[in-house]
Student: 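My questions will all concern the structure given below.
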2 protein chains.
Amino acid sequence: KKKKDFSFSNRGKTLEDELNETNEYYLQLGLAVIHKKPVPVQIVKVEYPSRSAAVIREAYFRTPSTTDYNGVWNGKYIDFEAKETENKTSFPLKNIHDHQIHHMSQVIKQQGIAFLILRFSSLQRYFVMRFESLLIFWDRMLAGGRKSITLQEIEETSFEIAPGAFPPIDYLPILQKL
Amino acid sequence: KKKKDFSFSNRGKTLEDELNETNEYYLQLGLAVIHKKPVPVQIVKVEYPSRSAAVIREAYFRTPSTTDYNGVWNGKYIDFEAKETENKTSFPLKNIHDHQIHHMSQVIKQQGIAFLILRFSSLQRYFVMRFESLLIFWDRMLAGGRKSITLQEIEETSFEIAPGAFPPIDYLPILQKL
Ligand SMILES: [Mg+2]
Ligand SMILES: [Mg+2]
């Protein structure tokens, strides 16, 4: 087994910050075109003050129908959801929503690549779990089993990423293995 | 040349409505997973009234960095922008933005499929123009040429779609030809 260097710390940044920086890095180098989707809002009232930008004065959050990130890499459709937990021993499945599972199932059927990026924030450990593995744990829960995935199960089924400075979360090399 | 039936009219619907219905149809039938991206907004102030949903009270529109629609079909990454014009003889290029051209160029480099769906609203005619063709007209404009694409040029370089009831704009069969 290759020894990994976990000395680098991105402490203080959110997982979203780290992934946005990573995607921006990939974009600048022409390695992949992957963006975070905007938060969907329903806009009800907009004001147009003279000589300044339009201001949204009433809007509501809508439930997304997809995951947060998608794009294209090397001719392949890429789709993932990013989740973090403060837990140290397991990842609680309540962080994942039905619509995300449903969407990723649809993506897989169209031969896209769907996965989860998991951050154990207090451990500073990152994993890429392919959707097919996630589904096994999800179905176990639906069948009445445990409502989380143990860290050991994640170690056994997922690919670990050592955090870095630039890019913070270099997940692209792992997609070759998925 | 095959004669097309243009008797069906979706008059009254926006192009966005028509495409959302079409994408929903594809999704239900398991033919493709393509969604419109939410409008990106920067949220500044949110109120949390007790016992009701959070209300966004101050937010601003941000410039998108991508096109409006993307997804996966048959293992391929799909990316397009939808535009309509009331013009009857040409499509004005001022409807297309730099960042959209830039984004679609990046998509093509990653071997995604990028195109434009054009609606001539007063003619009730719809076209799929591959990005590679659009780029020729775009570059002609940058070189000092005309700032629009004539309808005849569009007829010569693009694929016409006859509007239908369900789905309204059946663009998927055309992607086979792109
Ligand atoms: Mg998320
Ligand atoms: Mg648009």
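As the structure is a prediction and not an experimental result, all values here were calculated from the model. Residue numbering restarts at 1 for every chain, and letters A, B, ... go by the order of the sequence lines.
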Student: May I ask you to check whether His102(A) and His97(A) place their ring centers less than 6.0 Å from one another?
Tutor: no

Student: What part of Lys37(A) is in contact with chain B, defined as an atom under 4.5 angstrom from a non-hydrogen atom: side chain, backbone, both or neither?
Tutor: side chain

Student: If you count heavy-atom pairs within less than 4.5 Å of chain A, which of Ser65(B), Ala54(B), Gly112(B) leads?
Tutor: Ala54(B)

Student: Using 4.0 Å as the upper bound for N to carboxylate O, is an ion pair formed by Glu24(A) and Lys36(A)?
Tutor: no

Student: Is Ile43(A) in contact with chain B via its backbone, its side chain, both, or neither, using a 4.5 Å heavy-atom distance?
Tutor: side chain

Student: Under a 4.5 Å heavy-atom cut-off, does chain A meet the side chain of Val44(B), its backbone, both or neither?
Tutor: neither

Student: Select, from Lys109(A), His35(A), Arg62(A), Lys76(A), the one with the greatest count of heavy-atom pairs under 4.5 Å involving chain B.
Tutor: His35(A)

Student: Looking at chain B, which one of Gly71(A), Gly30(A), Pro64(A) has the largest number of heavy-atom pairs inside 4.5 Å, strictly under?
Tutor: Gly71(A)

Student: Does the distance from a Lys or Arg side-chain N to an Asp or Glu carboxylate O, for Glu153(B) and Arg140(B), drop under 4.0 Å?
Tutor: yes

Student: Taking the basic N atoms (NZ, or NE/NH1/NH2) and the acidic carboxylate oxygens, is any pair closer than 4.0 Å for Glu58(A) and Lys45(A)?
Tutor: no

Student: Please determine whether a side-chain nitrogen of the Lys or Arg among Arg57(A) and Glu47(A) lies less than 4.0 Å from a carboxylate oxygen of the Asp or Glu.
Tutor: yes

